[in-house]
Peer 1: 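What follows is a structure written as structure tokens; I'll ask about it next.
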Amino acid sequence: MESRYTPDVIEEKWQQVWTEQGIDQTPNDSSKPKFYALSMFPYPSGNLHMGHVRNYTITDVLARVRRMQGYRVLHPMGWDAFGLPAENAAIDRGIHPAKWTYQNIAQMRSELKRLGLSYDWSREVATCSPDYYRWTQWIFLQFFQAGLAYQKESAVNWDPIDQTVLANEQVDNEGRSWRSGAKVEKRLLRQWFLKITDYAEQLLNDLDRLPGWPDRVKVMQANWIGKSIGAYLEFPIVGLDEPLGVFTTRPDTVYGVTYVVLAPEHPLTKKVTTDDRQAAVTAFIQEVSGQSELERTAEDKPKRGIPTGGKAINPFTGEEIPIWIADYVLCEYGTGAVMGVPAHDTRDFIFAQQNHLPIQTVIIPAGADAAVPLTEAYVEAGALVNSGEFDGMASAEAKGAIVQKAEKMGWGKSRVQYRLRDWLISRQRYWGVPIPIIHCPDCGAVPVPDADLPVQLPEDVGLSGRGPSPLAQMESWVNVPCPTCGTLARRETDTMDTFIDSSWYFLRFTDATNEQQVFDPTQANTWMPVDQYVGGIEHAILHLLYSRFFTKVLRDRGLLNFDEPFQRLLTQGMVQGLTYMNPNKEGKEKWIPSDLVNPADPKDPQTGEPLKVGFATMSKSKHNGVAPEEVIKKYGADTARMFILFKAPPEKDLEWDEADVEGQFRFLNRVWRLVTEFVGVASGIRQKKTDSLTKEEKDLRRAIHTAIAAITEDLDDEYQFNTAISELMKLSNALNDAPCKNSAIYAEGIDSLVLLLAPFAPHIAEELWQQHLGHPDSVHTQPWLTADAAAMVADEIALVIQINGKTRGTIQVPSGGDKATLEQYARESELAQRYLEGKEIKKAIVVPNKLVNFVIA
RNA sequence: GCUGCUGUAGCCCAACGGUCAGAGGUGCUGGUCUUAGAAGCCAGAGGUUGUGGGUUCGACUCCCACCAGCAGUACCA
């Protein structure tokens, strides 16, 4: 028998055996509790990177543990396979997007298999397959029928590099595309939207029902939805029938309004501008619209605006106030107009000072004098002054009272405003799901009948990356009769945002091969929600918000009986690589590939300049990536898995360190040696009687069961794989140091070590379990170990004696004593008496099995 | 600016409010082995727990303020 640890040999061997035996298939046995473990499925970009390895290893450990714990586990994998890189590859290299995508899938699938991930491959899905996108189209039509998919002309984000529009969620805070990094432009286009705003309130409220989600993700979603409670108020315009509507969260300050401001793009701007102001206003609007989004929202940019000459009336005071336009008012939010309350809003205060507009105090803190001029806006709560009948009222109370009056007088009403906008889903690109709509000159937008789904992507398409949607250029595909009236009509030529594909894939996995339905609701309701979802924080808003939205809509369509798709969410940290940077260089040039650098003396190979050494997220541009393939080749998949789980807690960033990888390889070798050396003397040991244990045996057994308890706890609640592995190391050390290697307890320890190791390093555990320890069945089908509480109790404990909280020493006492007994031991101890002599004990604090603390004067 | 997270040994990280801070790894030093080295094995050194207050019999742990790093967000009325 081979006595050396050879990961390459045993790993591929067992991967094959497991596949043949189908041990990773999803069981149907409904007598077991279910567990759905899911990693965010990848975009098939070409090769696996370390981030994938980390993500999938985490779910795999959980899937394996839960199987051993008696759950029926669903652990599937698939491909988020539509998207622009495939189309760009086609443009650059002339490969059809489908071919490029499927080649990448084949490559990445084989890399995943080499990692020993226990997926049920019979449920694999690819979103670009007609078997899948047929149902994506079907779901779109469900939205359409529910009135949740509509077309609208609006100013949308246009990505000039990718030549398509983008949703708000896909543009970052600097106004750049999440994918191409290009600054987006605003274009006025007729586009498809999904009405996510209808679900804003539910999406916000139900965050409270997700205790298993990280707070920061919930905070980010809540901020994105951006609920504000306030009032809609109307200010009559002098000389116009139309009123000017504003949204405010501070109706209590309405008596302090000294002007109103419109966004430059506001439709009323032209109407309110007086003749003498016309030229100046037009010039100002031109200037503002010439600025990019970035310039307009730049930090500490002065707020600029000019008067229109128009006047409005504050209905509460009856006063005439000027109407201004200013660039700090956003057309897209609220009504695109605000009431200016300089005394109680920071922005308004600055604006009023700059433009010499009056500042009227209407809220004062207790004891303050309203007559004293403000040096900055007072934005806190207080009591109302200069506010007519509301004088003296607390501002919180006044909010309601003033809205009530507005309602009574017909000046406005209470209103809830969200920052969330509807989801723009049209994309002017080829490699995506065709929107299953036919535009008929007579009937309008007509859904493609279910029987005609899928609307297949035509294969022979010219891709240039420029001009209108590629599908629009295919006359033979575009021109079809209207399904309703038969008139010659045109297909919709935009494709869907790929985030739609990924908003429901977790449902398809529950019934992945169903040709009759999107999924059998019974299957979906049985398996869902996902018990543990694992993925990157970058989807905190995007994918995770969209998926929640889809789940709620499909529930309302009667397909699902639950509200939230992901019970628990773990956002794993990034994998960072050692990075060399030349601070004297600019752009991509400054990142120096590590294979060109001597780690002992990092210098730029070209210029000889010293380099800055640090860690940064692995990426091609920084040349700091480590290929999973290389690591597996050198150390094996088990070592790679162990390292990545051990090096840092799962939600924290992880620094790749070759020395630590070797440490894990060493550990697996130690386990190997421990087990194979034991096998040499194993015969007969298991059968030895264990009636009365020696002290050494008791100590060892305590170590074994302490490890079982600790590892189980680490895997059950918080996912602390790093400390779980450290417990494995402790157990391994305890076995190595055990003086009683010829005992049945030692045999129990060896078996336990291998069983506990199995979810983390599945191949070596299987090899040791079956080949060396001679067990007949797979280690992965064994029941998980249960800690024996009795074994964990020591006969004696070292009781800590403290005086006034300071430790003075320990005494050996029998374990299990109650508080009074322990205090008695302590009082009687020589140690305590030495310190307590002649002192009065004011209090004695006893922590069972731990310590006794005497408080003396 | 606001919000959140993180600061523990050279480095990565542990530590239900309870011993004089240590599980594990890595690195370092020494020993063992070797002709020598590597690997393996054994041993050892290394700390004002970011800073300053507070609560408590007792604080790495809880509270407040500050500092540093990371992330998100930013004229949202």
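Quick note: numbers below take in every heavy atom, side chains included, and nothing from hydrogens, waters or symmetry partners. Since the model is a prediction, treat every value here as computed from it, not as a measurement. Below, chain A is the first sequence line, B the second, and so on; all start at residue 1.
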Peer 1: Provide the distance between the two P atoms, one in C28(B) and one in G18(B), to the nearest whole Å.
Peer 2: 35 Å

Peer 1: Checking side-chain polar atoms at under 3.5 Å, does Arg641(A) have a donor or acceptor matched by the opposite partner on Gln664(A)?
Peer 2: no

Peer 1: Would you state whether a donor and an acceptor, one from the side chain of Lys303(A) and one from the base of C75(B), lie under 3.5 Å apart?
Peer 2: yes

Peer 1: Identify each donor-acceptor pair in which a side-chain atom of residues 704-713 of chain A lies under 3.5 Å from a protein atom, sequence neighbours left out, and give them as a table.
Peer 2:
{"from": "His705(A)", "atom 1": "ND1", "to": "Asp788(A)", "atom 2": "N", "distance (Å)": "2.9"}
{"from": "His705(A)", "atom 1": "NE2", "to": "Glu748(A)", "atom 2": "OE2", "distance (Å)": "2.8"}
{"from": "Thr706(A)", "atom 1": "OG1", "to": "Arg702(A)", "atom 2": "O", "distance (Å)": "2.5"}
{"from": "Thr712(A)", "atom 1": "OG1", "to": "Ile708(A)", "atom 2": "O", "distance (Å)": "2.6"}
{"from": "Thr712(A)", "atom 1": "OG1", "to": "Trp784(A)", "atom 2": "NE1", "distance (Å)": "3.0"}

Peer 1: Which whole number of Å gives the distance between the P atom of G53(B) and that of U29(B)?
Peer 2: 39 Å

Peer 1: Tell me the interatomic distance from Met574(A), atom CE, to U6(B), atom C1', rounded to whole angstroms.
Peer 2: 16 Å

Peer 1: From the options C13(B), G24(B), A77(B), select the nucleotide whose nearest atom is closest to the side chain of Val338(A).
Peer 2: A77(B)

Peer 1: Determine yes or no for a side-chain-to-main-chain donor-acceptor pair under 3.5 angstrom, with Asn355(A) supplying the side chain and Phe351(A) the backbone.
Peer 2: yes

Peer 1: Side chains of Tyr418(A) and Ile196(A): does their closest heavy-atom pair fall under 4.5 Å?
Peer 2: no

Peer 1: Of Lys647(A) and Gln720(A), whose closest RNA chain B nucleotide lies nearer the 5' terminus?
Peer 2: Lys647(A)

Peer 1: Among U6(B), C57(B), C75(B), which is the nearest nucleotide to the side chain of Arg347(A)?
Peer 2: C75(B)

Peer 1: So what's A21(B) paired with, Watson-Crick or G-U wobble, going by both distances under 3.5 Å?
Peer 2: none

Peer 1: Say you pick atom C1' in C5(B) and the same atom in C16(B); how far apart are they, in whole Å?
Peer 2: 22 Å

Peer 1: Within less than 4.0 Å of OP1 or OP2 of G40(B), is there a side-chain N or O belonging to Asn669(A)?
Peer 2: no

Peer 1: Where do Glu169(A) and Tyr546(A) land on the side chain to side chain donor-acceptor pair (under 3.5 Å) test, with the steps shown first?
Peer 2: CA-CA 10 Å; Glu169(A) 289 81 1; Tyr546(A) 295 150; 3.0 Å; yes

Peer 1: Using atom C1' of each nucleotide, how far apart are A71(B) and G31(B) to the nearest Å?
Peer 2: 47 Å

Peer 1: Of all the choices, C42(B), C12(B), C76(B), which nucleotide is nearest to the side chain of Asn736(A) once you look at every atom?
Peer 2: C42(B)

Peer 1: Using the C1' atoms only, state how far C12(B) lies from G27(B), rounded to an integer number of Å.
Peer 2: 11 Å

Peer 1: Restricting to pairs with a member in residues 248-258 of chain A, which pass side chain to side chain donor-acceptor pair (under 3.5 Å), not counting sequence neighbours?
Peer 2: Arg250(A)-Asp252(A)

Peer 1: With sequence neighbours left out, what residues match Glu658(A) under side chain to side chain contact (heavy atoms under 4.5 Å, CB included)?
Peer 2: Lys634(A), Tyr635(A), Trp656(A), Glu662(A)

Peer 1: Does Ile350(A) offer a backbone N or O that forms a donor-acceptor pair with the side chain of Lys303(A) under 3.5 Å?
Peer 2: no

Peer 1: For G52(B) and C41(B), measure between their P atoms and round to the nearest Å.
Peer 2: 42 Å

Peer 1: Using modelled atom types and a 3.5 Å cut-off, is there a donor and acceptor pairing between side-chain atoms of His344(A) and backbone atoms of Gly256(A)?
Peer 2: no

Peer 1: Can you tell me how far C1' in A43(B) sits from the matching atom in C13(B), rounded to whole Å?
Peer 2: 23 Å

Peer 1: Heavy-atom contacts under 4.0 Å between residues 807-823 of chain A and RNA chain B, which residues?
Peer 2: Thr807(A), Thr810(A)

Peer 1: For Glu651(A), which residues count as a salt bridge (Lys or Arg N to Asp or Glu O under 4.0 Å) partner, sequence neighbours excluded?
Peer 2: none

Peer 1: Compare the minimum distances between each of C76(B), U3(B), C42(B) and the side chain of Asp737(A), then state the nucleotide with the smallest one.
Peer 2: C42(B)

Peer 1: Suppose the criterion is salt bridge (charged side-chain N to carboxylate O under 4.0 Å, His left out): which pairs have a residue in residues 845-857 of chain A, not counting sequence neighbours?
Peer 2: none

Peer 1: Go ahead and name the base partner of A39(B); Watson-Crick or wobble counts if both distances stay under 3.5 Å, otherwise write none.
Peer 2: none

Peer 1: Between Glu823(A) and Tyr825(A), does the side chain to side chain donor-acceptor pair (under 3.5 Å) criterion hold? Intermediate values first, please.
Peer 2: CA-CA 5 Å; Glu823(A) 189 179 332; Tyr825(A) 286 137; over 6 Å; no

Peer 1: Show each protein N/O and nucleotides 44-46 of chain B N/O combination with a separation under 3.5 Å, one pair to a line.
Peer 2:
none

Peer 1: Quick one, which residues of residues 222-233 of chain A touch RNA chain B with a heavy atom under 4.0 Å?
Peer 2: Ser228(A)

Peer 1: Tell me which nucleotide, if any, is Watson-Crick or G-U wobble paired with A14(B) when both distances must be under 3.5 Å.
Peer 2: none

Peer 1: Is C62(B) paired to anything, Watson-Crick or G-U wobble with both distances less than 3.5 Å, and if yes, which nucleotide?
Peer 2: G54(B)

Peer 1: Consider the side chain of Pro649(A), meaning its heavy atoms from C-beta on, and name the nucleotide among C75(B), G24(B), A14(B) that approaches it most closely.
Peer 2: A14(B)

Peer 1: Taking for each residue the nucleotide of RNA chain B bearing the nearest heavy atom, is the 5' side occupied by Val855(A) or by Ile541(A)?
Peer 2: Val855(A)

Peer 1: Any base atoms under 4.0 Å from Gly663(A), or only sugar-phosphate, or nothing? Heavy atoms, all strands.
Peer 2: sugar-phosphate

Peer 1: Could you tell me the Watson-Crick or G-U partner of A68(B), where both distances fall under 3.5 Å? Say none if there is no partner.
Peer 2: U6(B)

Peer 1: Of all residues at least two apart in sequence or in a different chain, which pass the side-chain hydrogen bond (donor to acceptor under 3.5 Å, both in side chains) check with Tyr378(A)?
Peer 2: none

Peer 1: With sequence neighbours excluded, tell me which residues meet side chain to side chain contact (heavy atoms under 4.5 Å, CB included) with Asn314(A).
Peer 2: Phe235(A), Val254(A), Val257(A), Phe316(A), Thr317(A), Ile321(A)

Peer 1: Please state whether the phosphate of C41(B), meaning OP1 or OP2, lies under 4.0 angstrom from any side-chain nitrogen or oxygen of Arg670(A).
Peer 2: yes

Peer 1: State which residues pass side chain to side chain contact (heavy atoms under 4.5 Å, CB included) with Ala703(A); sequence neighbours excluded, sorted by chain then number.
Peer 2: Ala734(A)

Peer 1: Between the protein and nucleotides 16-18 of chain B, list every N/O to N/O distance that falls short of 3.5 Å.
Peer 2:
{"from": "C16(B)", "atom 1": "N4", "to": "Lys850(A)", "atom 2": "NZ", "distance (Å)": "2.3"}
{"from": "G18(B)", "atom 1": "N2", "to": "Gln802(A)", "atom 2": "OE1", "distance (Å)": "2.8"}
{"from": "G18(B)", "atom 1": "N2", "to": "Asn853(A)", "atom 2": "ND2", "distance (Å)": "3.3"}

Peer 1: Just to confirm, is there a sub-4.0 Å distance from OP1 or OP2 of U26(B) to any side-chain nitrogen or oxygen of Arg666(A)?
Peer 2: yes

Peer 1: Are the ring centres of Phe721(A) and Phe646(A) closer than 6.0 Å?
Peer 2: no

Peer 1: Could you work out the separation of G4(B) and U48(B) based on their C1' atoms and round it to a whole Å?
Peer 2: 29 Å

Peer 1: Determine whether a donor-acceptor pair (N or O, by modelled atom type, separation under 3.5 Å) exists between the side chain of Asn168(A) and the backbone of Trp423(A).
Peer 2: no

Peer 1: Quick one: Arg673(A) CZ to A39(B) P, roughly how many Å, whole number?
Peer 2: 13 Å

Peer 1: What integer distance in Å separates Gln664(A):CD from G25(B):C1'?
Peer 2: 7 Å

Peer 1: In terms of side-chain heavy atoms of Ala659(A), which of U26(B), A71(B), A74(B) is nearest?
Peer 2: U26(B)

Peer 1: The side chain of Asn722(A) is closest to which nucleotide in this list: A15(B), G24(B), A14(B)?
Peer 2: A14(B)

